[in-house]
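Source: prediction; values computed, not measured. The first residue in the sequence is number 1, and the count goes up from there.
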Amino acid sequence: MPADRGRASKACAACRKQKTRCYETSIGRPCLRCDRLGQSCSLSFEHASASTEGGGGDTWAGNGRDHEIDDRFAYLERTVATLSRRLDEFESGRLPQGGIPARRESPTRNNDVNQPTESAEASAAPLFVLRDVTNESGFRPVDRTATNTPSRGVSDDLIVKGVISIEDAVSLISIFQENYGRWVSFSATLPAHSLLENVRRSPLLLSACCLIAVRHSSQELATRLAPKLFREARTLLSSAMLVVPQPIEFFQAALVLSLWSTTIGQVPLSIDSWLLSGFALQHSIASGLFSAPKDMSQSTQSKKELDRLCVWNHLCLVHLHYCVGTRRKAVLDRKEVDRCRLIVGSDHATNFELRMVSEVYLYWIIYDSFNTTIDLPRTQAALHAWKEEWNFLLEQPRSQFVQMGFWFAQLLVYDQSLKTRSAAVRESLLQEMVRLSTAIINLAIDSADERTRHLTDHIYHMISFAAVTLCRLLHNYEAQLSASHNLVGLDGLILSLVSWLHAIGLPSHVAHTMGDVVAAFHKKLRPDAGPSPNPSYADVDPGIQDDYAQFFPELFGSAGFDMMNGSMSMLPDFQPLL
């Protein structure tokens, strides 16, 4: 180190960054390290700035680069001043009509001719100011046309785009109105062409309705249109998720896609209903569409308010369906569940709406019991209290689904308890689980009518779970069950259910797919139990039940299974009796 040079009183920026000692050479010159490396030094910059402020001039202040830096600093100062002024006006609430802030001079730059004029200020929102600054800087966003996030400017519907004709649209909307319209509070008396005009206000809702209805057209039309409709619905849904608040049509579309998500678009399990329904419930907070008075019996309650509350109830129900089916947390709490009961006080509440409210409470009991270690006596007491409260629905039309839901809840609770109870308790639970499984299957087959193929996916999940549970019981407890049950008859009941499911609707229908799942599972666990050749086993992919087990672990009893072990992933996990 040269003897005549000491350490600088303040290290330059480069030396501080490198954490090395800084030795100055002379005033206005770079430090020793920067000079030898031939790099710029902040010590010389600081001296040049000090000289300029003191009225002196040097060669640094006079070159072109110096002017460029001065211009950039001036531009940043103006931007910061603009942001500061707009934030002050936004926080103080002094905004004129139209969102353009009133002119207010900066206290330090009153006469600055470079200050932006108010005519150039497009909005008082700070983020819009940053957007404008970004545009002025020359930055351009990356082209996102090839990504999964579409432009928010999508407005043309399926008909305008030529995906479907107006005639097909009227036909599909008519099918949806007749068989599914009450889920989303569509008028049952409005002509189909008038309803179509209303639905077309939301391209997303139109896509969702047509996607569900096309399953009940011809196989040729379903094969051709379903993938296109599904792609359109996903694109519009991705865009809608980013916009708040949303109109009622968004929540109707989210409900439709959640209720029938299992096989829509002829792509199994292509939409996560738990996630979608949860997003919709979160969006409802910002929408303000679903508020309701405490007393729903008031005669002033409008039909629009009642219809919206119905949509909200159904969103809560489908969310709880998938919370139970996939063992995931709910975005609801007990207070919001109790809010579903408001509609019970309305004079216009139908049997359908009352059944939906009863189901909300039923699935809340199941969900709540699974959040802690299963307390079988407490859960059974809660279930029987529920049945006493809603027992009047069992004497009304379509009561089979209320009864099926109650049995399904008991079966789920017994399924969890069977893995942890003593041998004596498991013996009694085993008998009850066989009874409940066969009761659900028989009830489904015996109560079938012209509306069966229009049921929600969850009904088919319950029926399939009963069949899968029965398969597991027969596989694991064959010796014990043979003493008290006709095993051939139980295997035959499962195969009869498969044939029944395959006979419902087109191959793209959820019933047909769930029939494949049950057949594959039975074939794996009970390969020698069915008659040979068995038409129910024809062309069944043995791996399909593994795919579904990953998405519905509780429904298929695979929550504790190792999903990476290929064909062994669906082996039952019941504990032995002894």
Measure the shortest side-chain to side-chain distance between [X] and [Y] over non-hydrogen atoms and say whether it is less than 4.5 angstrom.
X	Y	result
M356	E359	yes
M514	I463	no
R328	D272	yes
S207	L158	yes
L190	Q177	yes
L354	V344	yes
L206	I173	yes

Please answer whether the main-chain N or O of [Y] pairs with a side-chain N or O of [X] as donor and acceptor at a distance below 3.5 Å.
X	Y	answer
Q396	R355	no
S508	R215	no
S202	V199	no
N179	I175	yes
Q246	A240	yes
Q380	P377	no
S171	E167	no
S284	L281	yes
S399	E395	no
W274	K329	yes

Who pairs with R231 by salt bridge (charged side-chain N to carboxylate O under 4.0 Å, His left out), at least two apart in sequence or on another chain?
-> none
Just jot down the salt bridge (charged side-chain N to carboxylate O under 4.0 Å, His left out) partners of E353, sequence neighbours excluded, or say none.
-> none
Could you give me the CA-CA distance, side-chain angles and deciding distance for S258 and Y322, then say whether side-chain contact (heavy atoms from CB on, under 4.5 Å) is met?
-> CA-CA 9 Å; S258 297; Y322 283 89; 5.7 Å; no
Start with the C-alpha gap between F408 and L362, add the side-chain angles, then the distance that decides, and say whether side-chain contact (heavy atoms from CB on, under 4.5 Å) holds.
-> CA-CA 10 Å; F408 174 68; L362 176 63; over 6 Å; no
Who passes side-chain hydrogen bond (donor to acceptor under 3.5 Å, both in side chains) against Y361, sequence neighbours left out?
-> D338, R341
Near Q403 CD, under 6.0 Å, is it more than 12 heavy atoms from other residues, nucleotides or ligands?
-> yes
Hey, would you say the H314 and F352 ring centroids sit under 6.0 Å apart?
-> yes
May I ask you to establish whether R327 and F370 are in a cation-pi arrangement, using a distance under 6.0 Å from NZ or CZ to the six-membered ring centre and at most 45° from the ring axis?
-> yes
What heavy-atom pair brings A280 and A254 nearest, and what distance separates the two atoms?
-> CB-CB, 3.9 Å
Of all the heavy-atom pairs spanning A233 and L204, show the shortest one and how long it is.
-> O-CD1, 3.6 Å
Kindly compute the distance separating [atom1] ([X]) from [atom2] ([Y]), expressed to the nearest 0.5 Å.
X	Y	atom1	atom2	result
L255	F250	CG	CZ	11.0 Å
L443	M404	CG	CE	4.5 Å
L412	S369	CG	OG	8.5 Å

Any residue meeting ring-ring contact (aromatic ring centres under 6.0 Å, His included) with [X], in chain and number order, not counting sequence neighbours:
X	result
Y363	H321, H458
Y180	F176, H216, W260, H454
H193	none

